[in-house]
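What follows is a single structure, written as structure tokens, with notes after it.
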Amino acid sequence: MELYNTAAAAKAHLDLGPEVSLYVCGITPYAATHLGHAFTYHTFDVLTRLLMHDGHTVRSVRNVTDVDDDIFRVSRERNVPVDQLVASEMEIFHTDCHALNMIPVTHEPYASEAIDAMIARIAELVACGAAYVVNRTVYFAIDAFPAYGQVSHYDIPTMIALSRERGANPDDPDKRNPLDFILWQPEAPGEKSWDAPWSRGRPGWHIECSTLAETLLGLPVDIHGGGEDLIYPHHESEAAQAEACRKGVQFVRYWAHVSHVGYEGEKMSKSLGNLIFARDLRSRKGARAVRHFLAQYHYRTSWEYEDAKCEEASDEFARLDALCDGDVRIEDAAAEALASEVLHHLRNDLDTVGASLAIANSIERAHAANVSTGRPLRAVVEPLWELFGIAPPSPAATSAHGARQHGTDA
RNA sequence: GGCGACGUAGCCAAGUGGUAAGGCAGAGGUCUGCAAAACCUUUAUCACGGGUUCGAUUCCCGUCGUCGCCUCCA
């Protein structure tokens with residue numbers, strides 16, 4: 001199959017072995033699960049399903065960032081202990097993922113459980129000269145890693161200029177290069193901290209993912225993905241941390257990034273508070289309709305959530321679903337053609353839009369043709385819908401028409 | 001500014017070197033005591049300017065415009 005590789009800035013034919021390693025950056029659990037999260041994990045769920053369909057075994061990791069400025073901040077604001085905040089948000093996230101029929105990941109590590117491994121890698125980087133210590137803080141030295149920029153394609157002067165415009169502080173006197181980033185920072189009052197050779201404190205953000213990926217999957221990771229906002233600096237820095245001082249080691253073979261979902265003219269984000277939550281859509285439309293809705297957008301095209309569009313997709317799904325009822329049949333040749341068309345679209349950079357359209361057209365045609373030979377339409381369509389994560393209707397719902405789309409599955 | 005995506009009817013959107021699917025909305029109609037639902041019919045100089053070509057919406061160059069990312073973020 002072909003997938004767009006961010007680092008190559010082009011679609012790449014995936015050259016994969018029987019076992020595929022997949023690392024997807026997970027959530028920072030304090031505002032789960034908004035539509036942007038759902039779209040991102042839906043995308044990688046479809047990818048996983050397709051790879052499995054094509055005979056691969058998929059080993060996947062999705063981390064949980066539970067050591068983070070925002071977690072500590074929200075914990076204070078809501079006056080809830082960090083562990084409790086993380087646990088309750090993760091319960092929501094898991095409930096949403098399960099309800100939306102997402103295949104569970106193989107590993108779901110918490111950053112706080114891998115501190116030792118992070119400290120070990122930071123120590124290696126310091127020892128080999130790719131990192132340095134100032135004021136109990138460890139920085140990664142950009143200048144020791146000439147390939148910095150390989151993922152996002154920014155050149156160093158551009159990145160510096162940008163960081164100035166953005167009001168960051170590239171002039172931090174402790175940094176050797178304005179773009180050097182933190183690997184370890186000293187503890188602040190009220191935050192979780194661990195003992196390390198440089199200070200009691202906590203790791204920087206980027207080191208958690210590269211360490212977890214390396215520890216749980218081994219290098220190189222076949223496919224590493226996440227939201228497109230993570231390309232720079234997060235993924236750029238992950239690659240630097242993993243590859244520095246290791247000649248010939250490649251961190252990731254293919255980078256896949258999912259575009260953002262907007263709402264009311266703004267990017268949907270936790271800091272802006274303009275969130276649509278997965279659980280709300282689910283309870284209003286049903287999990288199957290939500291999955292169908294998400295499939296109407298290509299993962300590399302940014303889009304805007306609109307109630308009307310969601311409504312339309314939901315109605316369309318209900319109509320298509322209803323058209324599969326009764327004894328509608330589809331000719332064997334047409335069924336085979338549909339299956340291969342759907343797979344063709346999905347293997348072309350996960351074109352869920354084209355694949356979804358093919359199914360819709362086939363249902364309409366089969367309904368209009370009204371043939372008496374061939375296979376029952378639903379028996380042909382349901383396995384294809386499952387590639388999109390649209391779960392088969394539950395037996396109870398199937399026997400009670402109309403109830404199907406109202407199940408919350410939670 | 002850099003990089004990326006993209007500009008097709010009121011809205012969304014598929015697609016092709018030989019004058020363009022579908023959906024929603026709108027309009028008209030069938031049906032109905034009226035209405036709803038359902039069904040039928042109907043709606044486009046394919047952003048602009050060049051170039052290649054017998055012929056481009058589809059290929060190439062340029063222009064304009066929209067959106068996204070750019071050390072909080074999926």
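Order of the sequence lines sets the chain letters (A, B, ...), proteins ahead of strands, with each chain counted from 1. These figures come from a predicted structure and were not determined experimentally.
- Residue W205(A) places at least one side-chain N or O closer than 4.0 Å to OP1 or OP2 of C73(B).
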- prompt: Passes side chain to side chain donor-acceptor pair (under 3.5 Å), Q150(A) versus E243(A)? Steps please.
  reply: CA-CA 12 Å; Q150(A) 63 178 330; E243(A) 294 178 1; 3.1 Å; yes
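- Of the candidates A14(B), C69(B), G68(B), the closest approach to any side-chain atom of E228(A) belongs to G68(B).
- Comparing A14(B), A74(B), U71(B) by their closest approach to the side chain of L179(A) singles out U71(B).
- Ion pairing of R49(A) with D45(A) is present here, as a side-chain N (NZ or NE/NH1/NH2) and a carboxylate O approach within less than 4.0 Å.
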Can you name the atoms? Protein N/O to nucleotides 6-12 of chain B N/O, anything below 3.5 Å, with the distance.
from	atom 1	to	atom 2	distance (Å)
C12(B)	O2'	K309(A)	NZ	2.9

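- No engagement by F39(A) is indicated, since no non-hydrogen atom pair under 4.0 Å with the nucleic acid exists.
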- request: Tell me, with the steps shown, if F293(A) and S314(A) meet side chain to side chain contact (heavy atoms under 4.5 Å, CB included).
  value: CA-CA 7 Å; F293(A) 171 55; S314(A) 170; over 6 Å; no
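- Whole-Å rounding puts the E208(A) CD to C73(B) P distance at 10 Å.
- As judged by a 4.0 angstrom heavy-atom cut-off over every strand, V24(A) is placed among residues making no nucleic acid contact.
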query: Starting at the 5' end of RNA chain B, what dot-bracket string do you get if Watson-Crick and G-U pairs under 3.5 Å are bracketed, crossing pairs use [ ], other-strand pairs use | and unpaired bases use dots?
result: (((((((..(((.........))).(((((.......)))))....(((((.......))))))))))))....
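- Contact annotation for E316(A): no contact, since no heavy-atom pair falls under 4.0 Å across all strands.
- Checking C70(B), A21(B), U71(B) against the side-chain heavy atoms of L357(A) singles out A21(B) as nearest.
- Pairing of C128(A) with C245(A) by a disulfide is supported, the SG atoms lying closer than 2.5 Å.
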Pair Y148(A)-F140(A), ring pair (Phe, Tyr, Trp, His ring centres under 6.0 Å): steps then yes or no: CA-CA 11 Å; Y148(A) 199 73; F140(A) 183 88; 7.0 Å; no
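- D70(A) comes within 4.0 angstrom of sugar-phosphate atoms only, judged by non-hydrogen atoms across all strands, and of no base.
- Sorted by first and then second residue, the ring-ring contact (aromatic ring centres under 6.0 Å, His included) pairs involving residues 208-232 of chain A (not counting sequence neighbours) are Y23(A)-H224(A), Y154(A)-Y232(A), H224(A)-H235(A), H224(A)-F251(A), H224(A)-W255(A).
- F181(A) comes within contact range of no nucleotide atom at all, as no heavy-atom separation falls under 4.0 Å.
- For H34(A), the side-chain atoms get nearest to A74(B) when compared with the rest of C73(B), C67(B), A74(B).
- As judged by a 4.0 angstrom heavy-atom cut-off over every strand, G36(A) is placed among the base-contacting residues.
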